[in-house]
Amino acid sequence: MSYEDLMNSTMTVQSPTVTLDAVGGEVQTWAESSAGNICRMRLLSNKERSVTGREGNVSTHRLYCLATVTITESDRITNVKKSSEFGADTRMFDVDSVNNVDEDDRVMQVDLTQRV
């Protein structure tokens, strides 16, 4: 069984872009950097939330995706959709941490905080 066989959803990665407004101030907007990436997401247990809290994060979810997807801690995740669903999930998640599992460049573990 491959990692791809375990992925049951797709998601979109959005990256921040900064532009200048008419008076020279900075305005941050979000641009889609990649879409349709296969992934698997799960809600963290209370014990796992406690551990990430001690590390300074308040993560609520954990996402797994292929290491070919570029995700940084300044990005956000949206449009998470299971393959059996028709509409996209409108929730947004801030990226707390990105971990290259076993450092083998095959699968990434991404801790997320759901935006309210």
Side-chain angles (χ1 to χ4, degrees):
M1 181 180 289
S2 68
Y3 286 118
E4 291 89 344
D5 294 336
L6 300 172
M7 309 285 175
N8 64 352
S9 301
T10 58
M11 55 92 176
T12 298
V13 179
Q14 294 180 337
S15 300
T17 59
V18 177
T19 57
L20 297 178
D21 64 15
V23 293
E26 292 184 347
V27 177
Q28 179 176 309
T29 58
W30 294 91
E32 186 178 289
S33 56
S34 65
N37 304 294
I38 62 171
C39 66
R40 183 175 197 100
M41 188 184 328
R42 68 180 182 82
L43 185 65
L44 290 176
S45 69
N46 286 336
K47 187 173 185 176
E48 290 170 313
R49 287 184 191 199
S50 174
V51 169
T52 62
R54 287 194 298 267
E55 296 169 353
N57 294 328
V58 289
S59 302
T60 58
H61 293 74
R62 181 159 290 153
L63 178 124
Y64 300 92
C65 66
L66 299 178
T68 56
V69 179
T70 302
I71 300 176
T72 67
E73 291 173 357
S74 62
D75 294 336
R76 71 183 185 190
I77 305 298
T78 187
N79 295 334
V80 178
K81 180 175 92 169
K82 288 194 176 181
S83 55
S84 61
E85 296 174 335
F86 290 103
D89 187 337
T90 57
R91 298 176 296 167
M92 278 191 243
F93 301 88
D94 292 324
V95 175
D96 296 326
S97 66
V98 181
N99 177 28
N100 183 353
V101 177
D102 293 331
E103 297 182 10
D104 69 357
D105 296 324
R106 294 179 66 197
V107 67
M108 302 295 282
Q109 173 184 298
V110 183
D111 287 346
L112 306 168
T113 300
Q114 184 174 349
R115 296 179 124 205
V116 185

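- Under the ring pair (Phe, Tyr, Trp, His ring centres under 6.0 Å) criterion, the residue pairs touching residues 59-78 are His61-Phe93, with sequence neighbours excluded.
- By the side-chain contact (heavy atoms from CB on, under 4.5 Å) test, Thr72 pairs with Ser74, Asp75, sequence neighbours left out.
- Counting heavy atoms from C-beta on, the side chains of Val95 and Leu112 come closer than 4.5 Å.
- Considering all non-hydrogen atoms of both residues, Cys65 and Ile71 come closest at SG-CD1, 3.8 Å.
- For the side chain to side chain donor-acceptor pair (under 3.5 Å) condition, the pairs that include at least one residue of residues 17-27, sequence neighbours left out, are Thr17-Thr29.
- Hydrophobic clustering places Val101 together with Met7 (ILVMFWY residues linked when any side-chain heavy atoms are closer than 4.5 Å, directly or through intermediates).
- With sequence neighbours excluded, the residues forming a side-chain contact (heavy atoms from CB on, under 4.5 Å) with Asp105 are Asn100, listed by chain and number.
- Under the side-chain contact (heavy atoms from CB on, under 4.5 Å) criterion, Glu103 pairs with no residue, sequence neighbours left out.
- Nearest heavy-atom pair, Met11 versus Val80, reported as atom, atom and distance to 0.1 Å: CB-CG2, 4.0 Å.
- Under the side-chain contact (heavy atoms from CB on, under 4.5 Å) criterion, Asp94 pairs with Arg76, Arg115, not counting sequence neighbours.
- With hydrogens and angles ignored, the 3.5 Å screen pairs no side-chain donor or acceptor of Asp102 with any backbone N or O of Asp104.
- Between Val13 and Ile77, some side-chain heavy-atom pair lies under the 4.5 Å cut-off.
- Across every non-hydrogen atom of Thr113 and Ser59, the tightest pair is OG1-CA, 3.6 Å.
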